> 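I have a structure I would like to understand better, so I am pasting it below and will then ask my questions one at a time.
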Number of protein chains: 2
Amino acid sequence: MIRIVLAEDQRMLLGALAALLDLEEDMQVVGTASNGEDAIKLVQLHKPDICIMDIEMPVKSGLDAAEELKGLGTKIMILTTFSRSGYFERALKAGVDGYLLKDSPSEELATSIRSIIAGRRIYAAELVDEAYGEENPLTEREKEVLVLIADGKNTKEIASQLYITTGTVRNYISVILDKLHVTNRIEAIMRFKEKGWFK
Amino acid sequence: MIRIVLAEDQRMLLGALAALLDLEEDMQVVGTASNGEDAIKLVQLHKPDICIMDIEMPVKSGLDAAEELKGLGTKIMILTTFSRSGYFERALKAGVDGYLLKDSPSEELATSIRSIIAGRRIYAAELVDEAYGEENPLTEREKEVLVLIADGKNTKEIASQLYITTGTVRNYISVILDKLHVTNRIEAIMRFKEKGWFK
DNA sequence: TCGCGAGTATGACAAATGTCATATATAAAT
DNA sequence: ATTTATATATGACATTTGTCATACTCGCGA
């Protein structure tokens with residue numbers, strides 16, 4: 001019997017997935033969580049065979065949780081909407097055993113789980129292709145600036161928050177626009193988001 | 001027996017919900033679609049008791065589909081992530097019989113379906129409160145401009161696309177910022193999105 | 001230790017953005 | 001018929017944003 005812990009912040013999906021997996025006679029959902037923090041506790045408590053996690057969850061993200069749970073016997077599988085390569089790379093580094101997209105047909109879930117339990121690693125094909133495709137070209141400081149821009153802050157606010165001059169901030173932005181091949185702040189935010197480079 | 005058509009573009013959720021509902025002895029999923037167009041066809045074909053739809057789907061949105069399906073005997077229930085009041089208001093106008101959030105626990109789904117079949121209307125409580133809370137204060141023209149801004153376009157591009165001068169575009173933006181109580185384009189986009197006023 | 005590249009920082013300058021006063025058209029209210 | 005309100009449109013002006021040349025530091029390899 002494959003013992004499973006599920007972590008997913010969208011309650012409807014959480015419940016529906018639990019129902020779906022419980023239908024399989026070789027599987028049993030032993031715990032469900034709706035944030036990364038609770039997921040960690042449940043895994044430590046129940047020592048399931050596998051933990052299936054979303055990425056974007058409150059309190060602690062699925063990737064954070066995956067990194068913390070590395071080393072325990074429990075296999076980790078990420079189940080998320082995002083085909084952002086940034087997330088996928090980080091998941092690989094965290095040593096997750098599977099990465100499936102919520103766009104995949106539901107039948108694939110049980111199949112993938114069995115494969116992972118059998119020792120294989122399952123990654124959504126769409127991701128493997130584009131994976132190490134593009135590195136985030138921004139430096140730490142530049143990222144810091146872009147995050148503040150995306151937060152709606154203007155140059156002056158950013159400058160005072162980072163204790164640098166407005167000239168410097170504007171220069172960083174200029175470099176950011178250049179590196180991302182765009183021409184204004186709004187496009188920079190769009191591009192950075194679509195690449196999955198935020199956070 | 002309650003006959004159900006499901007429409008949801010996220011395959012995993014679509015399959016899981018079907019499994020969940022098929023577990024109820026008084027319910028039967030007679031068709032599933034992953035876009036609004038197919039959902040309409042399935043409803044016309046099967047004449048189910050109720051059709052449960054997501055909003056953001058390819059080809060045709062759930063709200064578009066709901067508007068087209070008005071009048072047929074089939075009850076319509078929206079099941080979506082978005083608690084945006086804009087969506088909710090449009091759904092009410094389309095005469096949907098239920099509006100549930102994906103954040104709600106999965107048990108509520110079957111319960112809500114039975115209530116709707118019994119003739120009641122079920123709306124997520126969170127929404128009813130904030131519903132007619134705020135009207136979108138922008139005029140058509142202003143919305144048009146803001147959509148282009150959110151698309152990353154600059155003043156000159158917007159001006160030439162709308163056949164007005166850059167001065168006019170900048171004035172619209174100034175009015176938009178004022179109406180939304182923000183001070184730059186990026187904040188305007190954020191605010192408009194969080195209110196669910198796009199589209 | 002010299003040079004090279006990368007990251008950080010600045011200010012001068014040019015271009016884009018935001019503000020404001022103003023004008024016209026149109027529809028509703030008096 | 002006249003006032004009032006609203007949407008649309010424009011240009012002058014001030015501020016903010018984006019570009020570019022430049023400078024300093026640090027670590028790395030020659």
Side-chain angles (χ1 to χ4, degrees), chain A residues 86 89-90 132-195 197-199, chain B residues 86 89-90 132-195 197-199:
Chain A
E89 282 176 40
R90 203 178 140 202
Y132 292 95
E134 278 186 89
E135 272 297 298
N136 179 345
L138 304 192
T139 66
E140 279 309 309
R141 199 61 159 167
E142 288 156 1
K143 272 188 272 182
E144 211 169 348
V145 169
L146 186 50
V147 166
L148 293 172
I149 292 173
D151 211 43
K153 297 204 167 62
N154 66 19
T155 306
K156 213 187 291 178
E157 292 169 323
I158 296 172
S160 86
Q161 185 163 341
L162 298 182
Y163 302 106
I164 53 183
T165 65
T166 57
T168 305
V169 172
R170 294 214 305 285
N171 183 55
Y172 279 127
I173 293 167
S174 185
V175 173
I176 289 168
L177 297 183
D178 189 45
K179 286 185 177 176
L180 298 181
H181 309 297
V182 296
T183 58
N184 65 56
R185 298 170 180 214
I186 294 169
E187 285 186 313
I189 295 168
M190 288 168 53
R191 166 63 48 86
F192 210 67
K193 241 181 215 153
E194 97 195 3
K195 292 290 183 187
W197 287 334
F198 270 113
K199 270 202 266 180
Chain B
E89 282 176 40
R90 203 179 139 201
Y132 292 93
E134 278 185 89
E135 272 296 298
N136 179 346
L138 303 193
T139 67
E140 278 311 308
R141 200 59 158 168
E142 288 157 0
K143 272 189 270 181
E144 212 170 349
V145 169
L146 186 51
V147 166
L148 293 172
I149 291 173
D151 211 43
K153 296 205 167 61
N154 65 21
T155 307
K156 213 188 290 177
E157 292 168 322
I158 296 172
S160 85
Q161 186 165 339
L162 299 182
Y163 302 105
I164 53 182
T165 65
T166 56
T168 305
V169 172
R170 294 214 306 285
N171 182 55
Y172 278 128
I173 294 169
S174 185
V175 174
I176 290 168
L177 298 183
D178 189 44
K179 286 185 176 174
L180 299 181
H181 309 297
V182 296
T183 59
N184 66 57
R185 297 170 181 216
I186 295 169
E187 286 185 312
I189 295 168
M190 288 169 53
R191 166 64 48 87
F192 209 66
K193 239 179 217 156
E194 97 196 3
K195 292 289 182 188
W197 288 334
F198 270 114
K199 267 203 268 184

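Fair warning: this is a prediction, and the values are worked out from it, not measured in the lab.
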> If you find the nucleotide of DNA chain D closest to Asn171(A) and the one closest to Thr155(A), which residue's nucleotide is nearer the 5' end?
Thr155(A)
> Classify Thr168(B) by what it touches in the nucleic acid, base, sugar-phosphate, or nothing, heavy-atom distance under 4.0 Å.
base
> Does any residue of residues 173-181 of chain A have a heavy atom under 4.0 Å from DNA chain C, and if so, which ones, in number order?
none
> Can you see if the side chain of Arg170(A) gets near the phosphate of dT19(D) - specifically, an N or O under 4.0 Å from OP1 or OP2?
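Answer no for this pair, as no side-chain N or O of Arg170(A) is under 4.0 Å from OP1 or OP2.
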> Considering residues at least two apart in sequence or located in another chain, which fulfil the side chain to side chain donor-acceptor pair (under 3.5 Å) criterion with Thr165(A)?
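If we apply the side chain to side chain donor-acceptor pair (under 3.5 Å) test to Thr165(A), skipping adjacent residues, the hits are Thr168(A).
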> Go through the structure and list residues passing side chain to side chain donor-acceptor pair (under 3.5 Å) with Thr183(B), not counting sequence neighbours.
Glu187(B)
> Can you tell me how far P of dT16(D) sits from CD1 of Ile186(A), to the nearest Å?
17 Å
> In chain order, what residues pass the salt bridge (Lys or Arg N to Asp or Glu O under 4.0 Å) check against Asp178(A), with sequence neighbours excluded?
none
> Return the set of residues passing salt bridge (Lys or Arg N to Asp or Glu O under 4.0 Å) with Arg170(A) (not counting sequence neighbours), or none when no residue passes.
none
> List the residues meeting salt bridge (Lys or Arg N to Asp or Glu O under 4.0 Å) with Glu157(B), not counting sequence neighbours, and say none if there are none.
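Salt bridge (Lys or Arg N to Asp or Glu O under 4.0 Å) list for Glu157(B), sorted by chain: empty.
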> Once side chain to side chain donor-acceptor pair (under 3.5 Å) is applied, do any residues pair with Glu144(A), and if so which ones, sequence neighbours excluded?
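Residues passing side chain to side chain donor-acceptor pair (under 3.5 Å) with Glu144(A): Arg141(A).
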> Could you give the CD-to-C1' distance, from Glu144(B) to dT8(D), as a whole number of Å?
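Computing the Glu144(B):CD to dT8(D):C1' distance gives 12 Å.
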> Where the side chain of Asn184(A) meets the backbone of Gly152(B), is there a donor-acceptor pair that is under 3.5 Å apart?
yes
> Taking Lys153(B)'s backbone N and O only, do any of them form a donor-acceptor pair with Asp151(B)'s side chain (distance below 3.5 Å, no angle check)?
no
> With respect to Tyr172(B), which candidate in Ile164(B), Leu177(B), Leu146(B) satisfies the side chain to side chain contact (heavy atoms under 4.5 Å, CB included) definition?
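Single side chain to side chain contact (heavy atoms under 4.5 Å, CB included) partner of Tyr172(B) among Ile164(B), Leu177(B), Leu146(B): Ile164(B).
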> Give the first and the last nucleotide of DNA chain C, reading 5' to 3', that has any atom under 4.0 Å from a heavy atom of chain A.
dG7(C) to dC13(C)
> Between residues 156-167 of chain A and DNA chain C, which residues have a heavy-atom gap below 4.0 Å?
Ile164(A), Thr165(A), Gly167(A)
> Enter the distance from Leu180(A):CG to Ile173(A):CD1 here, rounded to the nearest 0.5 Å.
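These two atoms lie 12.0 Å from each other.
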> Show your working on side-chain contact (heavy atoms from CB on, under 4.5 Å) between Ile176(B) and Phe192(B) and close with a plain yes or no.
CA-CA 10 Å; Ile176(B) 290 168; Phe192(B) 209 66; over 6 Å; no
> Can you name the residues that form a side chain to side chain donor-acceptor pair (under 3.5 Å) with Lys179(A), not counting sequence neighbours?
Glu142(A)
> Check the distance between dG18(D)'s P and Asn154(A)'s CG and give it to me in whole angstrom.
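In whole Å, dG18(D) P and Asn154(A) CG are 11 Å from each other.
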> Applying salt bridge (Lys or Arg N to Asp or Glu O under 4.0 Å), name anything that partners Arg185(B), two or more places apart in sequence or on another chain.
none
> Could you tell me, to 10°, how much the axis swings from one end of the helix from dT1(C)-dA30(D) to dT30(C)-dA1(D) to the other, five pairs per end?
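Result, rounded to 10 degrees: 20°.
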> Separation of Glu142(B) atom CD from dT6(D) atom P, in whole Å?
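In whole Å, dT6(D) P and Glu142(B) CD are 12 Å from each other.
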